[in-house]
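First up is the structure itself, then whatever we jot down about it.
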Amino acid sequence: MRIGISNLRIGISNFCFIIRFTWKNNKSLGAVILLEAVNIAIMPFCLIYLTKHVMDGLERGDGPGELLMAVLSYSAVYLLLSVLRDYISWVRTKKSMKAYDAMTLLLAQKAADIDLIQMEEASTLNLFLKANDSIWNGSIGVFSVLVSLINIILQLCGYAYLFSKISPAFFLAFLPLMFVYLFIDKKRKAAAFQNYSRSSEYKRKENYLTTVMTHPEKGKDIRLYSAGPKLIRELMDNQKGFFGLFRKNSRWDMWQSILNHFLSFILRFFIYGYFAIQFFQNRITIGDFSVFIVATEALYKNLLGIPSTFLEFWNNSLRIENFIAFLKKPVTIQTYDAHKKIETDRPTLEFQNVSFRYPNAKEFAVKNITFTIHPGEKLTIIGENGSGKSTLFKLLLRLYDPTEGRILLDGVDIREYSYVDYAALFAPMFQDYRIFEFSVFENIALKNDPSAEDCQEILDILKMCGLYEKIEKLPRKGFTTVFHTYDDEGIILSTGEQQKLAVARTIFQKRPIKLYDEPAAAMDVQSEMLLYQSLYKLSLDKTAIFISHRMSSCILADSVLVMDRGKISAIGNHDELLKTSALYNKMWNAQASYYRLDGEEKLING
């Protein structure tokens, strides 16, 4: 890292961003920082002049009373300054934490708003981790270093005044030592900054591997397939790369430490000899001798501290660039400049020649998709794995925007509507649904402390989903925590039971369009059939869209859309497709034995 014109401009710009952000959230922090720096700068001079007063008093032959009074006076002032320093530091940290909290919330909001397709990219995830790591440096860190930098500058002014009484040339003699130290320190800081930039990738992989190795569900595969050695080897290789970065930085630390000791030796030899000569020539008193010895040591540390502290301050300013870069990531889907209101809760949805291609992919995931979903319609989308079903699901929810074509709501492009209003139409159940370590009631209601009415409605829904009896047998019933990572009395649900819980969550949400992506994939055939019957009954007055590669939902559906390699192969109801679609016939016949009993279909209307 070089502090060239480009980095200088970036550093200044980033520091201005921090100042503006802090001023917006806490206007008094600047005054607190300045007051803390002034207070810390005064403290060493209090001790220096205490030493001078005592030494000169001894040389003059002052009595014990006078010396004791001087010690008490200076000590009382130093005590007051120490208490004040600690209090101001506490106030500054508290105010800095407000800036830290505000930056954390801003980053979290941006992560929630940014397009899903970007958050699925490794580069965006790495940038997010760097941005998150930089928050501390850009709030608490940068203000702490700023206090140190102002303090050093103020102390240097005091020492410069002190030594100007002897010789300005003496003060300038320290500059060569400082520049040598600066050269080494700059190299060390540059290596540290580069290592920091590269370390996020290693940290992300480490977090993934340790999470996998401690995850209860994944633990079964790890043990049964003896995957432990593979994961441990991956973790060891990752740690090897990470510690390689650490070793490079520690090498610079070692050389800098050796240089510092060497420079300190030269300094002490020079200053003790110089001031001893001044004393024996009666140019200074013994008190002056002690003052200049202590002040010279402090001056040396401060001169060396300027480049080190400045570079640390500069690094913190540059690191916040990751935070700013993440905030600048474009948001094209959750834009807030589209304010067209949705006038109905029973809209018509239409795909017009919609195509979508994932970033860096050569082929379209879906191509030239055209169909209409009418109010109250029950639509099932089927197809083999990879046919584009879940992509349609995400396009309809506007998690992705089409690469080509449009999706219309009542004849208007959905991008013209407020994203918040549009998203509020849908109650989706994703194929990769998430069950949280909340109570059963909270998992379904997705809010704290569901009301008694909510809990009763949830119990009714659990009856429909086939989970009521199990929950009612629990000591705490619906207030039981799911899983037991944080609660030893939590319940472990099977994969099928977790899926029923996710379905119950979708049913509970009071939204007019229900979307189910593989809602019965983990259930047995009997549970699957009962679930679909319940879902269709509950959706009589709502639009419901089912996505599956299993055929049980097709019989009850108003329309079935058959996907094949990203395109619509056929569309119609169950009976029509049995006559007209070879692909539908093939899929149906492959599974039909599961849904027939004595030649009759198991699934019946009602």
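Starting from 1, each residue takes its place in the sequence as its number.
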I'd like to check Met103 versus Ser134 (side-chain heavy atoms, cut-off strictly below 4.5 Å). Are they in contact? no
Can Leu396 and Leu392 be said to form a side-chain contact (heavy atoms from CB on, under 4.5 Å), step by step? CA-CA 6 Å; Leu396 181 60; Leu392 286 184; over 6 Å; no
With a 4.5 Å heavy-atom cut-off, do Ser13 and Glu321 have their side chains touching? no
Before you tell me yes or no, could you show the steps for Asp421 and Lys341 under side-chain contact (heavy atoms from CB on, under 4.5 Å), namely the whole-Å CA-CA distance, both residues' side-chain angles and the distance that decides it to 0.1 Å? CA-CA 7 Å; Asp421 290 348; Lys341 294 295 182 181; 3.5 Å; yes
Indicate the atoms forming the closest heavy-atom contact of Ala131 with Leu107, along with that distance. CB-CD1, 3.9 Å
Are side-chain heavy atoms of Asp113 and Gln109 found at a separation under 4.5 Å? yes
Rounding to 0.5 Å, atoms CG (Asp401) and CD1 (Ile407) come to a distance of 7.5 Å
Mind checking whether Tyr417 and Tyr422 have ring centres under 6.0 Å apart? no
May I ask you to test the Leu125-Met119 pair for a side-chain heavy-atom distance under 4.5 Å? yes
Within a 6.0 Å radius of atom OH on Tyr87, are there more than 12 heavy atoms belonging to other residues, nucleotides or ligands? no
Here the gap from Leu408 atom CG to Gln352 atom CD, rounded to the nearest 0.5 Å, amounts to 4.5 Å
Please round to the nearest 0.5 Å and tell me the distance separating atom SG of Cys46 and atom CG of Leu80. 9.5 Å
Using a 4.5 Å cut-off on heavy atoms from C-beta on, say whether the side chain of Asn39 contacts that of Met43. yes
Apply side-chain contact (heavy atoms from CB on, under 4.5 Å) to Leu116 and Tyr400, showing your working. CA-CA 7 Å; Leu116 178 65; Tyr400 303 152; 4.0 Å; yes
Are the side chains of Glu121 and Thr124 in contact, using a 4.5 Å heavy-atom criterion? yes
Shortest non-hydrogen contact from Thr22 to Ile18? OG1-O, 2.7 Å
Distance-only check: which donor-acceptor pairs under 3.5 Å involve side-chain atoms of residues 26-33, not counting sequence neighbours?
| residue | atom | partner | partner atom | Å |
| --- | --- | --- | --- | --- |
| Asn26 | OD1 | Ser28 | OG | 3.1 |
| Ser28 | OG | Lys95 | NZ | 2.8 |

Treating Ser89 as the side-chain partner and Asp86 as the backbone partner, does any N or O pair qualify as donor plus acceptor under 3.5 Å? no
Exercise: identify the closest heavy-atom pair between Gln509 and Ala445: NE2-O, 3.9 Å
Show the nearest heavy-atom pair for residues Ala41 and Phe45, with the distance to one decimal. O-CD1, 3.2 Å
Using a cut-off of 6.0 Å, state whether more than 12 heavy atoms not belonging to Lys24 lie near its atom NZ. no
Kindly determine whether Thr344 and Asp410 satisfy side-chain hydrogen bond (donor to acceptor under 3.5 Å, both in side chains), including the steps that lead there. CA-CA 9 Å; Thr344 177; Asp410 290 337; 5.4 Å; no
Atom OH of Tyr100 and atom CG of Leu105: how far apart are they, to the nearest 0.5 Å? 10.5 Å
Between Asn151 and Gln155, is any pair of side-chain heavy atoms under 4.5 Å apart? yes
Flag, side chain of Arg505 to backbone of Ile444, donor-acceptor distance under 3.5 Å: no
Steps toward side-chain contact (heavy atoms from CB on, under 4.5 Å) verdict (Ile135, Asn132): CA-CA 6 Å; Ile135 292 177; Asn132 193 50; 4.0 Å; yes
Please confirm whether the backbone N or O of Arg415 pairs with a side-chain atom of Asp413, one donor and one acceptor, at under 3.5 Å? yes
So does Leu327 get a backbone contact from the side chain of Lys110, meaning a donor-acceptor N/O pair under 3.5 Å? yes
Closest non-hydrogen atom pair between Pro512 and Ala424, with its separation: CD-O, 4.3 Å
Is it the case that the ring center of Phe393 lies less than 6.0 angstrom away from the ring center of Phe430? yes
Ignoring hydrogens, what is the shortest heavy-atom contact between Val147 and Ala37? Give both atom names and the distance. O-CB, 3.7 Å
At what distance, to the nearest 0.5 angstrom, does CG of Leu425 lie from CD1 of Ile513? 5.0 Å
Mind listing the side-chain donor-acceptor pairs of residues 353-367 below 3.5 Å, one per line with the distance, residues two or more places apart or on another chain?
| residue | atom | partner | partner atom | Å |
| --- | --- | --- | --- | --- |
| Asn353 | OD1 | Thr370 | OG1 | 3.2 |
| Ser355 | OG | Asn368 | N | 2.9 |
| Tyr358 | OH | Thr391 | OG1 | 3.0 |

Separation of Lys240 NZ from Arg233 CZ (nearest 0.5 Å): 8.5 Å
Is any side-chain heavy atom of Ile435 less than 4.5 Å from a side-chain heavy atom of Asn443? yes
Can you name the one residue among Thr51, Leu50, Leu47, Ile48 that meets side chain to side chain contact (heavy atoms under 4.5 Å, CB included) with Tyr74? Leu50
